[in-house]
Amino acid sequence: MALLLSLLLILLLPSTNAYWPPSPGYWPSTKFRPVSFYRGFRNLWGPGHQSVDQNALTIWLDTTSGSGFKSVRPFRSGYFGASIKVQPGYTAGVITAFYLSNNEAHPGFHDEVDIEFLGTTFGKPYTLQTNVYIRGSGDGKIIGREMKFHLWFDPTQHFHHYAIFWSPKEIIFLVDDIPIRRYPRKSAATFPLRPMWVYGSIWDASSWATEDGKYKADYKYQPFVAKYTNFRAGGCSAYSPAWCRPVSVSPFRSGRLTWQQYRAMRWVQRYHMVYDYCRDPKRNHALTPECWS
């Protein structure tokens, strides 16, 4: 009984360390094999702005082009991660992204799950934006489901691992194996269920990326460079048999997060979340029923 009470107190009480997250107790990135870039991906656009050296991919943006890449196969569920390092200094207007999408298969009516680094100005931290689009809600009629964070470390100094876990019942965003956001399936209308590919890119989004477009990309600081390595992926491709079971990012085969993982996620959201679309009074939440259902 005493042990149970101790565990409950640990679970319910916030961490006293506001500078570094508590341990999640489980490291899913170690459970999936590394994938070499040329084995798992191909260039999508801007081939002259992309290079691979010892399995580390570099892509960059300048006045002539950005660059993007795409997985060879589509998936219907899985874990998808990469270690990423972004450029320091003035990067306003520039987006560095790692995401899932089926926009080429369903133009104008696509699904998308995003991890995006929103460029910044001198002295201000990068914003890490997570987002979910459902069936074209990103195509003209924007119904984004953004949750934004200022990370507890400087993403320009070292590589850190960023991942998306997508199963038929939930999406979990992870940073260095720490869950930072869980997006559950509450209805088929608010959850992506069609196969998606894995993408990465760097591009100019000056119209909205930095403080709602206040600061634009300034090409006197070009090239803007992003580096990707340690690609890891596992799951059910679109070509897998029907009996292929979704992978997990917890010790439980069901995929349910442990109390330590929930505790770490609550810590991140308490100390480092800077925007949650469900709490935005300016949003029309009739369009986002998952916020109140």
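When a residue number appears, it is its place in the shown sequence, counting from 1.
When the shell of 6.0 Å around NZ of Lys227 is examined, it contains 12 or fewer heavy atoms from other residues, nucleotides or ligands.
Every pair passing side chain to side chain donor-acceptor pair (under 3.5 Å) that includes a residue from residues 68-77 is listed here, sequence neighbours excluded: Lys70-Glu104. A salt bridge (Lys or Arg N to Asp or Glu O under 4.0 Å) check over residues 152-169, counting only residues at least two apart or in different chains, returns nothing. Among residue pairs with one or both ends in residues 189-205, those qualifying as salt bridge (Lys or Arg N to Asp or Glu O under 4.0 Å) are Asp111-Arg194; sequence neighbours excluded.
Judged by distance alone, with hydrogens and angles left aside, the side-chain atoms of Ser206 form a donor-acceptor pair with the main-chain N or O of Ala217 at under 3.5 Å. Of the possible polar contacts, one joining the Asp218 side chain to the Lys220 backbone as a donor-acceptor pair under 3.5 Å is found.
Put simply, the residue from Phe41, Trp60, Phe159, Phe69 that forms a ring-ring contact (aromatic ring centres under 6.0 Å, His included) with Tyr228 is Phe69. A side chain to side chain contact (heavy atoms under 4.5 Å, CB included) with Phe191 is found for exactly one of Lys186, Arg185, Glu290, namely Arg185. For the ring-ring contact (aromatic ring centres under 6.0 Å, His included) with Tyr162, the qualifying choice from Phe231, Tyr99, Phe117, Phe98 is Phe117, the only one to do so. For the ring-ring contact (aromatic ring centres under 6.0 Å, His included) with His272, the qualifying choice from Phe153, Phe149, Trp267 is Trp267, the only one to do so.
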Under the side-chain hydrogen bond (donor to acceptor under 3.5 Å, both in side chains) criterion, do His160 and Ser83 qualify, and how do the steps go? CA-CA 5 Å; His160 292 267; Ser83 294; over 6 Å; no
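Asp53 meets the side chain to side chain contact (heavy atoms under 4.5 Å, CB included) test with no other residue; sequence neighbours excluded. With sequence neighbours excluded, no residue satisfies side-chain hydrogen bond (donor to acceptor under 3.5 Å, both in side chains) with Tyr90. Listed by chain and residue number, Ala189, Thr190 satisfy the side chain to side chain contact (heavy atoms under 4.5 Å, CB included) test with Ser187 (two or more places apart in sequence, or in another chain).
No path of Ile, Leu, Val, Met, Phe, Trp and Tyr side chains, each step under 4.5 Å between heavy atoms, connects Ile95 with Val175, placing them in separate hydrophobic clusters.
Ion pairing of Asp276 with Arg279 is present here, as a side-chain N (NZ or NE/NH1/NH2) and a carboxylate O approach within less than 4.0 Å.
Distance check: Asn131 CG to Glu146 CD gives 4.5 Å after rounding to the nearest 0.5 Å.
Proximity of Met147 to Ile180: side-chain heavy atoms (C-beta onward) are nowhere separated by under 4.5 Å.
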